[in-house]
Trainee: 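Have a look at this one.
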Amino acid sequence: MTTHYEGRLGSMSLASTIHRYPLVATWSRRFVGPRFALAGDAAVGMHPVTAHGFNLGLASVEHLAQAAGDGWRRHGDPGDAALLARYQRRHRMSSAPMFAGTQLLLGVFTGPHAFLRSLRRMVMSAGSRVPALRRALAANLVDDGPRPASIARHLRVALNVLRPRIGSGRPHT
């Protein structure tokens, strides 16, 4: 690395052994147990292909903090079983569409079958030729609030982005 960067970053040397980590996705059977909750990658470990694992991790912490806070205010117990169950339902509902979509995308882009290769080419071509499609997909990747995302919400956001805006100055692509 020192040679590659011509010393601009200073002298570099290997500090430890090299490790390989598999790029896999995980979905826990349960997110909660008695007085216990999983958050972040422990609950939903996203394959990094879409780079949304961090966002889902933050969302899980937000949902868990809300449930624990409600438990403390209502019952004096942040580990209240009913509120932890609510956290689990909420986090499962909000993360399931992104997890399933990522798994589907991963299958399409890594599958060896000729049909999948053709589908890959079509998806990439559509993405490069239809800017409105890219905007619709991107709009659904950002979580704009604490409520769980639903399929209906994702469709509303996509349709809103795709809807032509007469006189708005936005191009009709």
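Start at 1 with the first residue, then count along the sequence.
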Trainee: Under 3.5 Å, side chain of T2 to main-chain N/O of G7, donor-acceptor pair present?
Mentor: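 Answer holds: no.
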Trainee: Could you tell me how the ring of W27 sits relative to the ring of F99: parallel (under 30°), tilted (30 to 60°) or perpendicular (over 60°)?
Mentor: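 Ring orientation, 0 to 90° scale: tilted.
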Trainee: What is the distance from atom CD of E62 to atom OG of S94, rounded to the nearest 0.5 Å?
Mentor: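 The OG atom of S94 is 9.0 Å from CD of E62, to the nearest 0.5 Å.
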Trainee: Ignoring hydrogens, what is the shortest heavy-atom contact between F31 and A43? Give both atom names and the distance.
Mentor: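 Residues F31 and A43, closest heavy atoms: CE1-O, 3.5 Å.
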Trainee: Are V44 and R92 close enough that some pair of their side-chain heavy atoms sits under 4.5 Å apart?
Mentor: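 Answer no - side chains too far apart.
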Trainee: Give a yes or no on whether the backbone of M98 and the side-chain of T102 come within a donor-acceptor separation of less than 3.5 Å.
Mentor: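 Side chain of T102 to backbone of M98, a donor-acceptor pair under 3.5 Å: yes, one is there.
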Trainee: Test of understanding: clusters of I, L, V, M, F, W, Y form through side-chain heavy atoms closer than 4.5 Å, transitively. Do L83 and L64 belong to the same one?
Mentor: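 No; L64 is not reachable from L83 via cluster members.
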Trainee: When hydrophobic residues are tied together by side-chain contacts of less than 4.5 Å, even through go-betweens, does M46 share a cluster with V61?
Mentor: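 Different clusters: M46 never reaches V61 through Ile, Leu, Val, Met, Phe, Trp or Tyr contacts under 4.5 Å.
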Trainee: For M93 and R89, run side chain to side chain contact (heavy atoms under 4.5 Å, CB included): C-alpha distance rounded to whole Å, both residues' side-chain angles, the deciding distance at 0.1 Å, then the answer.
Mentor: CA-CA 6 Å; M93 187 182 347; R89 283 189 307 275; 5.7 Å; no
Trainee: Closest heavy-atom contact between R86 and A67?
Mentor: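 Result for this residue pair: NH2-CA, 3.6 Å.
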Trainee: Within the structure provided, determine whether L84 and Q88 are in side-chain contact (heavy-atom separation under 4.5 Å).
Mentor: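 Side chain of L84 against side chain of Q88, heavy atoms only: no contact under 4.5 Å found.
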Trainee: Under 3.5 Å, is there a donor-acceptor pair linking the side chains of H19 and T17?
Mentor: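 There is such a pair (donor and acceptor under 3.5 Å, judged by atom type) between the side chains of H19 and T17.
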Trainee: Kindly say whether A42 contributes a backbone atom to a donor-acceptor pair with the side chain of T26 at under 3.5 angstrom?
Mentor: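 No; judged by distance alone, with no hydrogens or angles, the pair does not exist.
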Trainee: What is the minimum heavy-atom distance between L116 and G107, and which atoms define it?
Mentor: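 Taking L116 first and G107 second, the nearest heavy atoms are CD1-O, 3.6 Å.
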Trainee: Which atom pair, heavy atoms only, marks the closest approach of T110 to L106?
Mentor: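 Shortest heavy-atom separation between T110 and L106 comes out as OG1-O, 2.5 Å.
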Trainee: Residues sharing F54's hydrophobic cluster, by side-chain heavy-atom contacts under 4.5 Å among ILVMFWY, directly or via others?
Mentor: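 Members besides F54, by chain and number: L58.
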Trainee: Can any side-chain N or O of S60 pair as donor or acceptor with the backbone N or O of A39 at less than 3.5 Å?
Mentor: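 Checked: no pair found.
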Trainee: Count I, L, V, M, F, W, Y as connected when their side-chain heavy atoms are under 4.5 Å apart, and connections chain through other members. Are M1 and L9 then in the same cluster?
Mentor: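 In one cluster with M1: L9, yes.
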Trainee: Report the C-alpha distance between L38 and R30 in whole Å, list the side-chain angles of each, state the deciding distance to 0.1 Å, and finish with yes or no for side chain to side chain contact (heavy atoms under 4.5 Å, CB included).
Mentor: CA-CA 8 Å; L38 297 176; R30 294 181 301 141; over 6 Å; no
Trainee: Within a 6.0 Å radius of atom CZ on R129, are there more than 12 heavy atoms belonging to other residues, nucleotides or ligands?
Mentor: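 It does not: R129 CZ has 12 such atoms or fewer within range.
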Trainee: Hey, are the side chains of V32 and Y87 touching, using non-hydrogen atoms and a 4.5 Å cut-off?
Mentor: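 In short, these two side chains touch, coming nearer than 4.5 Å.
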